Number of protein chains: 2
Amino acid sequence: MSVPDLPESEPSLDFAADVFERACPSREVIHTVTGRWGTLALVALGEGPYRFSALRRRVDGVSERMLSQTLQQLERDGFVHRDVQETIPPKVEYTLTARGVQVAAQLQSLIDLVEAQMPDILTDQAAYDARHP
Amino acid sequence: MSVPDLPESEPSLDFAADVFERACPSREVIHTVTGRWGTLALVALGEGPYRFSALRRRVDGVSERMLSQTLQQLERDGFVHRDVQETIPPKVEYTLTARGVQVAAQLQSLIDLVEAQMPDILTDQAAYDARHP
DNA sequence: CCGTATCCTTAACGATACTG
DNA sequence: CAGTATCGTTAAGGATACGG
């Protein structure tokens with residue numbers, strides 16, 4: 001009993017992703033997107049296109065190295081488009097792809113939620129710290 | 001010219017949170033929530049209450065140490081409630097607070113989005129890797 | 001201007017062993 | 001069962017300097 005040929009119209013990247021499984025590739029994508037700088041870069045680009053330096057100023061505290069690395073990962077996963085203009089001096093503009101717009105919107109909602117509750121969260125933190133000396 | 005007294009009806013935890021600012025406390029909260037294990041723990045608890053060991057099995061790959069640490073942070077920020085039953089053997093149940101339900105829902109949406117696009121993302125990754133030898 | 005390369009420091013993580 | 005403690009390892013991160 002051999003395995004019958006698959007109907008191979010599409011290269012069979014069709015599978016069920018599940019972040020709860022240790023080896024699922026979706027985990028690393030989620031990690032890229034929700035990483036310390038990934039989230040901020042995506043949400044910033046949700047405001048509109050940015051050039052490298054401007055984005056670096058917007059995302060306060062990020063180093064050149066980490067911003068560069070983060071943008072590469074986001075580009076690789078198809079969330080960000082990198083547009084190079086071969087002028088002198090060179091000009092590189094980063095924009096969100098359609099996919100990037102979707103996740104940026106989700107992340108923006110999450111941030112809005114958390115920011116709105118920050119006063120209450122700080123109160124809860126203080127109470128917790130008082131209970132755990 | 002002295003600073004006039006604030007109308008202090010509330011203990012003035014009223015401020016504008018902004019994740020883009022390096023020192024804003026909302027950053028660490030976002031980091032807790034979107035951290036490698038924070039996200040998975042919150043989404044798992046979105047399915048219903050879990051005991052420690054069951055949660056550890058659900059979140060495939062997490063160590064005892066990291067799960068414990070993650071849950072403490074989530075409890076401190078008021079996303080998770082920890083219910084201890086002093087039986088023998090002891091039984092500890094974790095549930096989401098109202099605040100936790102909100103963020104878990106957001107994270108679930110994000111994960112659904114990413115999981116749905118995983119086939120396309122893998123294709124994009126392969127194309128990117130081919131372009132960057 | 002837009003990064004990459006290098007070096008170094010810190011923080012995150014995992015495995016294991018052990019306690020209430 | 002539900003963790004904490006300790007140790008060693010790995011990965012993330014920052015500073016700086018240099019190249020296209």
Side-chain angles (χ1 to χ4, degrees), chain A residues 19 21-23 27-41 44-45 49-77 80-95 128 131-133, chain B residues 19 21-23 27-41 44-45 49-76 80-95 128-129 131-133:
Chain A
V19 275
E21 281 181 38
R22 192 198 305 242
R27 270 216 187 162
E28 76 179 34
V29 175
I30 290 286
H31 191 237
T32 297
V33 161
T34 62
R36 184 185 243 122
W37 304 118
T39 303
L40 292 175
L45 290 173
Y50 273 95
R51 294 176 60 180
F52 187 84
S53 305
L55 188 55
R56 178 156 144 67
R57 282 188 296 273
R58 179 72 178 119
V59 180
D60 189 27
V62 69
S63 66
E64 291 187 353
R65 192 176 107 88
M66 290 316 296
L67 183 57
S68 172
Q69 206 171 91
T70 301
L71 288 170
Q72 280 180 34
Q73 290 169 162
L74 291 174
E75 191 195 357
R76 185 171 110 99
D77 290 350
V80 161
H81 175 70
R82 184 168 176 270
D83 187 34
V84 184
Q85 296 174 36
E86 302 280 5
T87 58
I88 297 177
K91 187 172 169 178
V92 180
E93 200 168 63
Y94 292 91
T95 52
Y128 180 94
R131 281 197 308 274
H132 295 80
Chain B
V19 274
E21 282 181 35
R22 194 199 303 246
R27 269 214 188 163
E28 74 178 38
V29 176
I30 290 287
H31 191 237
T32 297
V33 161
T34 61
R36 186 185 242 122
W37 304 119
T39 303
L40 292 175
L45 290 172
Y50 273 95
R51 296 176 59 179
F52 186 84
S53 304
L55 188 54
R56 178 156 143 67
R57 282 188 295 272
R58 179 73 178 117
V59 181
D60 188 28
V62 69
S63 65
E64 291 187 352
R65 193 176 106 88
M66 292 314 297
L67 183 57
S68 173
Q69 209 170 89
T70 300
L71 287 170
Q72 281 180 34
Q73 291 169 160
L74 291 174
E75 191 195 357
R76 186 173 109 98
V80 161
H81 175 70
R82 183 167 175 272
D83 187 36
V84 184
Q85 295 174 37
E86 302 280 5
T87 56
I88 298 178
K91 185 173 171 178
V92 180
E93 199 169 64
Y94 292 91
T95 52
Y128 180 95
D129 292 345
R131 280 196 308 275
H132 295 79

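Order of the sequence lines fixes the chain letters, A, B, ..., with proteins taken first and strands second; residue numbering starts at 1 for each chain. The model shown is predicted, which means the values in this text are computed figures rather than measured ones.
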Practice problem: Let me know the distance between CZ of B/R57 and P of D/dG3, rounded to the nearest Å. | Solution: 14 Å
Practice problem: Would you kindly give the OH-to-C1' distance between B/Y50 and D/dA2, to the nearest whole Å? | Solution: 18 Å
Quiz item: Once you round it to whole Å, what is the distance between P of C/dA5 and CG of A/L67?
Solution: 16 Å
Practice problem: May I ask you to test the A/L45-A/Y50 pair for a side-chain heavy-atom distance under 4.5 Å? | Solution: yes
Quiz item: Which nucleotide in the list D/dC1, C/dG3, D/dG14 gets nearest to the side chain of A/M66?
Solution: D/dG14
Quiz item: Expressed in angstrom and rounded to an integer, what is the separation of B/I88 atom CD1 from D/dC1 atom P?
Solution: 14 Å
Practice problem: Would you kindly compare A/R22 and A/K91 by the position of their nearest DNA chain C nucleotide and give the one closer to the 5′ end? | Solution: A/K91
Quiz item: For B/Q72 and D/dG3, what is the distance between atoms CD and P respectively, to the nearest whole Å?
Solution: 9 Å
Quiz item: Would a 4.5 Å heavy-atom cut-off, applied to side chains only, mark A/H81 and A/E75 as touching?
Solution: no
Self-check item: CA sep, side-chain torsions, deciding dist, call: B/R58, B/L40, side-chain contact (heavy atoms from CB on, under 4.5 Å)
Solution: CA-CA 9 Å; B/R58 179 73 178 117; B/L40 292 175; over 6 Å; no
Quiz item: Which comes earlier along DNA chain C counting from the 5' end, the contact point of A/R36 or that of B/R56, where each point is its nearest nucleotide?
Solution: A/R36
Quiz item: Thinking salt bridges, do B/E28 and B/R22 make one under a 4.0 Å N-O criterion?
Solution: no
Practice problem: Let me have a per-nucleotide readout for nucleotides 15-20 of chain D, 5' to 3', with B, S or -, counting only protein heavy atoms under 4.0 Å. | Solution: B-B--B
Practice problem: Verify the contact: side-chain N or O of B/Y94 to OP1 or OP2 of D/dG3, cut-off strictly under 4.0 Å; return yes or no. | Solution: yes
Quiz item: Less than 4.5 Å apart, any side-chain heavy atom of B/R27 and any of A/D60?
Solution: yes
Exercise. Ignoring backbone atoms, establish whether B/T87 has a side-chain N or O less than 4.0 Å from OP1 or OP2 of D/dC1.
Key: no
Self-check item: Protein-nucleotide distance (B/D83, atom CG; D/dC1, atom P), rounded to Å
Solution: 18 Å
Practice problem: For the side chain of B/P89, starting at C-beta, report the closest nucleotide among C/dT4, D/dC1, C/dC2. | Solution: D/dC1
Practice problem: Enter the distance from B/H31:NE2 to A/R36:CZ here, rounded to the nearest 0.5 Å. | Solution: 4.5 Å
Practice problem: For B/R57, enumerate each residue passing the side chain to side chain donor-acceptor pair (under 3.5 Å) test, keeping only those at least two apart in sequence or located in another chain. | Solution: none
Quiz item: D/dA12 P sits how many Å from A/E28 CD, rounded?
Solution: 11 Å
Quiz item: Atom CZ of B/R82 and atom P of D/dA2: how far apart are they, to the nearest Å?
Solution: 10 Å
Quiz item: So does B/S68 get a side-chain nitrogen or oxygen closer than 4.0 Å to the phosphate oxygens (OP1/OP2) of D/dT4?
Solution: yes
